[in-house]
Asks: 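The structure that follows is given in the form of structure tokens.
In the text below, chain A, chain B and the rest are named by the order of the sequence lines, each starting its count at 1.
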Number of protein chains: 2
Amino acid sequence: MTESGENTSWMEYHRSVMDLGPLSIFIRKLLNRSPLSSNDQLALSRLPHDIIHLAPDTNLLCEGDRVTVCPILLEGFVCRYKVAADGGRQIVALKIPGEALDLQSAYVHTADHDMYPITPAVVARVPLTELEKLAAERPSIARALIVDVLVEGAISREWLLNIGRRNAEVRFAHLLCETFYRISEVAGLPVTDFDVPLTQQQLADVLGLTPVHVNRMVRRLSEKHAIRRMGRRLRVSNMTRLLEIAHYSDLYLHRTGHEPSSMLDEQ
Amino acid sequence: MTESGENTSWMEYHRSVMDLGPLSIFIRKLLNRSPLSSNDQLALSRLPHDIIHLAPDTNLLCEGDRVTVCPILLEGFVCRYKVAADGGRQIVALKIPGEALDLQSAYVHTADHDMYPITPAVVARVPLTELEKLAAERPSIARALIVDVLVEGAISREWLLNIGRRNAEVRFAHLLCETFYRISEVAGLPVTDFDVPLTQQQLADVLGLTPVHVNRMVRRLSEKHAIRRMGRRLRVSNMTRLLEIAHYSDLYLHRTGHEPSSMLDEQ
DNA sequence: CGGCAACTTGACGTTGATCAAGCCATGTGG
DNA sequence: CCACATGGCTTGATCAACGTCAAGTTGCCG
């Protein structure tokens, strides 16, 4: 979960595996859950797109918006959030590099939530029409996109359990475990350390807590040597400890590991 | 939200509109969000299936199960739930008549949660292969199924906001409002009164509260004349009051109202 | 170096959890 | 038709987790 600007080792690693241009990380992400022939991968890499850079906290999508373009996150972290009538904010999803940010817009044309980058972000924008054409021509691509949506749903369900039934400490640890697994997945190798790019305010909005209480949990997890505070930033350095605190199981992430190497034959 | 056995007026109303056999209510549900030609509707109604009756609290699906059949709920109420390591239960979705219970299984073959009927339930089971064949042949049906999945995702997100950021009273009121809208939708007309088929224990599992505290909220909402206690059962009788307590907006349900009458032309 | 935003800490309040006891509907068997 | 058993509801007393408020402190960027 390193700041997007920093181009850290695991990012570099990924790019070197198989270069399919800027969308390469997106294709790799899909490959983790769905088989795609090399022609499928090539077709995806040739999707027309432009690339934009976004500053943190600039709105990417607003409730009620109608959308004609599918944004794909290449670098940085983005969140979906909703606000209650009394102004309370809840972050309902965290998106990491390689993930499509708004596949639903292809089917449901008005957004029911807002979205903004948490770190500086780089986003590729693919016209929905092109994406739909490709999905219509290539069923395995359509399938891969749907699986992506379904896994996001599975994550929401786990978050419901997390917020509804786990106490602050375990809840926090669980979020860090999930983020670790998701990042390791796009990286293609287990990440050893990573820095959490969220402010304590944002962590509070994810976890359904107040910033003050998040701060207390940060201290608690530090004292248990599960995380470390590097200046103003949190570093996850002891996954074993975190996993046992959270009683974490990653079943719900539905990782299947379709390695690119094993997928080089045509459909 | 009347007990499934009772065959109440709004159920009857629905069946009389356009009789496409047992799956009729499912087709109507899809029509609420997606246009389907009468040929599409006919094709759906001819899906091979068997019909089973389920007693409450019998497991329908277990975490880790692999599935070959898509269950469609015809009568009664079913919930998805997850359990934490310490035994805490969280209901992560409520399914009402007309909804497909496990479309994800067509794409992600192991379940990440459990499912059981809350009331006696009637379920049609369609072989996944048949459903996939139909979706492949008829894009508008594929689309309708995906929209269904996406709306369930939107509901999860709203629940995250509900549990994460609203206090017990508002949270409870919000759940009742949502249920009202969803039931009215399949019914095809606004339902005036309905009875909540959940025990206070189950309400607690939905809301991330304890049964004791749910009970206190039941009393509070009764005192505000938003709901009534009929013996052991809750009756929602004053939607206006509930809507203002919850500050409810149904935007996230993505209702578009493709009336069956306006969809009689072929694609 | 100055200013700002984020973090930190302590004191105190409140919501909702826990525990425990009693009550009331509903269904069953005599 | 009544007795009684059972599961769910109700209630009060007490307690802990988390929220609120307010006043610092610290890292960070220009």
Side-chain angles (χ1 to χ4, degrees), chain A residues 3 5-6 55-57 84 86-91 116 118-120 162-175 195-223 227-235 245, chain B residues 3 5-6 55-57 84 86-91 116 118-120 162-175 195-223 227-235 245:
Chain A
E3 180 84 27
E6 295 172 19
D57 304 327
D86 68 350
R89 272 169 173 267
Q90 177 70 40
I91 292 178
Y116 70 88
I118 273 175
T119 65
N162 209 26
I163 295 183
R165 286 293 177 225
R166 295 200 259 252
N167 66 29
E169 183 186 342
V170 178
R171 197 187 300 179
F172 187 16
H174 193 281
L175 174 71
D195 287 1
V196 181
L198 309 198
T199 65
Q200 293 186 3
Q201 173 66 255
Q202 290 166 331
L203 283 170
D205 288 345
V206 172
L207 296 169
L209 298 169
T210 52
V212 175
H213 203 64
V214 165
N215 186 285
R216 293 195 268 252
M217 294 306 110
V218 166
R219 199 206 312 188
R220 194 130 106 203
L221 289 183
S222 303
E223 283 164 358
I227 61 179
R228 260 191 296 170
R229 307 199 233 191
M230 308 294 293
R232 175 162 296 188
R233 178 142 293 192
L234 293 187
R235 171 158 302 171
I245 291 172
Chain B
E3 181 84 27
E6 293 173 20
D57 303 328
D86 67 351
R89 273 169 173 266
Q90 178 70 40
I91 292 178
Y116 71 89
I118 274 175
T119 66
N162 208 27
I163 295 183
R165 286 293 178 225
R166 296 200 259 252
N167 66 30
E169 182 186 341
V170 178
R171 198 186 299 179
F172 187 15
H174 193 280
L175 174 71
D195 287 1
V196 180
L198 308 198
T199 65
Q200 292 185 5
Q201 172 66 255
Q202 290 166 332
L203 283 169
D205 288 345
V206 173
L207 297 170
L209 299 169
T210 53
V212 175
H213 203 65
V214 166
N215 186 285
R216 294 195 265 254
M217 294 306 109
V218 166
R219 196 203 315 186
R220 193 130 105 205
L221 288 183
S222 303
E223 283 165 357
I227 60 179
R228 260 189 297 171
R229 308 200 233 191
M230 308 293 293
R232 174 162 298 188
R233 178 139 296 191
L234 293 187
R235 172 157 301 171
I245 291 172

Asks: Can you see which heavy atom on B:Q202 is nearest to which on B:I91, and at what distance?
Replies: O-CD1, 3.7 Å
Asks: What is the distance, rounded to the nearest whole Å, between atom NE2 of A:H213 and atom P of C:dC7?
Replies: 16 Å
Asks: Let me know the distance between CZ of B:R219 and P of C:dG16, rounded to the nearest Å.
Replies: 15 Å
Asks: How close or far is atom C1' of C:dT15 from atom CG of A:L209, stated in whole angstroms?
Replies: 14 Å
Asks: For A:R229 and C:dA6, give me the distance from atom CZ to atom C1', rounded to whole Å.
Replies: 13 Å
Asks: Whole angstrom is fine here: how far is it from CD in B:Q200 over to C1' in C:dC23?
Replies: 13 Å
Asks: Mind checking A:G208 for me? I need base, sugar-phosphate or nothing, with any heavy atom below 4.0 Å counting as a touch.
Replies: sugar-phosphate
Asks: With distance as the sole test, does A:R220 use its side chain to make a donor-acceptor pair with the main-chain N or O of A:N215 at under 3.5 Å?
Replies: no
Asks: Whole Å only: how far is the CZ atom of A:R233 from the C1' atom of C:dC7?
Replies: 13 Å
Asks: Need to verify one output field. Residue with the more 5' nearest nucleotide on DNA chain D, B:T199 or A:V214?
Replies: B:T199
Asks: Looking at side-chain heavy atoms only, is the closest gap between A:L234 and A:R229 below 4.5 Å?
Replies: yes
Asks: Could you report the tightest heavy-atom contact between A:I227 and A:V218, atom names first, then the distance?
Replies: CD1-O, 3.9 Å
Asks: If only side-chain N and O atoms count, and only distance matters, is there a donor-acceptor pair under 3.5 Å linking A:H213 with A:R216?
Replies: yes
Asks: With a 4.0 Å cut-off on N to O distance, would you call B:R166 and A:D86 a salt bridge?
Replies: no
Asks: Looking at five pairs on each end of the helix from C:dC1-D:dG30 to C:dG30-D:dC1, what is the angle between the two axes, given to 10 degrees?
Replies: 40°
Asks: Report the residue (A:A168 or A:G231) whose heavy-atom-nearest nucleotide on DNA chain D is the more 5′ of the two.
Replies: A:A168
Asks: On DNA chain C, check which nucleotide each of A:P211 and A:R165 is closest to and give me the residue with the more 5' one.
Replies: A:P211
Asks: Would you mind reading off the distance between A:L203 atom CG and C:dT8 atom P, rounded to a whole angstrom?
Replies: 11 Å
Asks: Could you please spell out the steps behind the side-chain contact (heavy atoms from CB on, under 4.5 Å) verdict for A:Q201 and A:V214?
Replies: CA-CA 8 Å; A:Q201 173 66 255; A:V214 165; over 6 Å; no
Asks: Please identify the 5'-most and 3'-most nucleotides of DNA chain D with any atom under 4.0 angstrom from a heavy atom of chain B.
Replies: D:dG7 to D:dA13
Asks: Looking only at heavy atoms, what is the nearest atom pair of B:A204 and B:P211, with distance?
Replies: CB-N, 3.5 Å
Asks: Can you tell me if A:Q201 touches the phosphate of C:dC7, counting only side-chain N or O atoms and a distance under 4.0 Å to OP1 or OP2?
Replies: no
Asks: Taking the side chain as every heavy atom from C-beta outward, state whether A:Q90 and B:N162 have any atom pair closer than 4.5 Å.
Replies: no
Asks: Would you tell me if any nitrogen or oxygen in the side chain of A:N215 comes within less than 4.0 Å of OP1 or OP2 on C:dT8?
Replies: yes
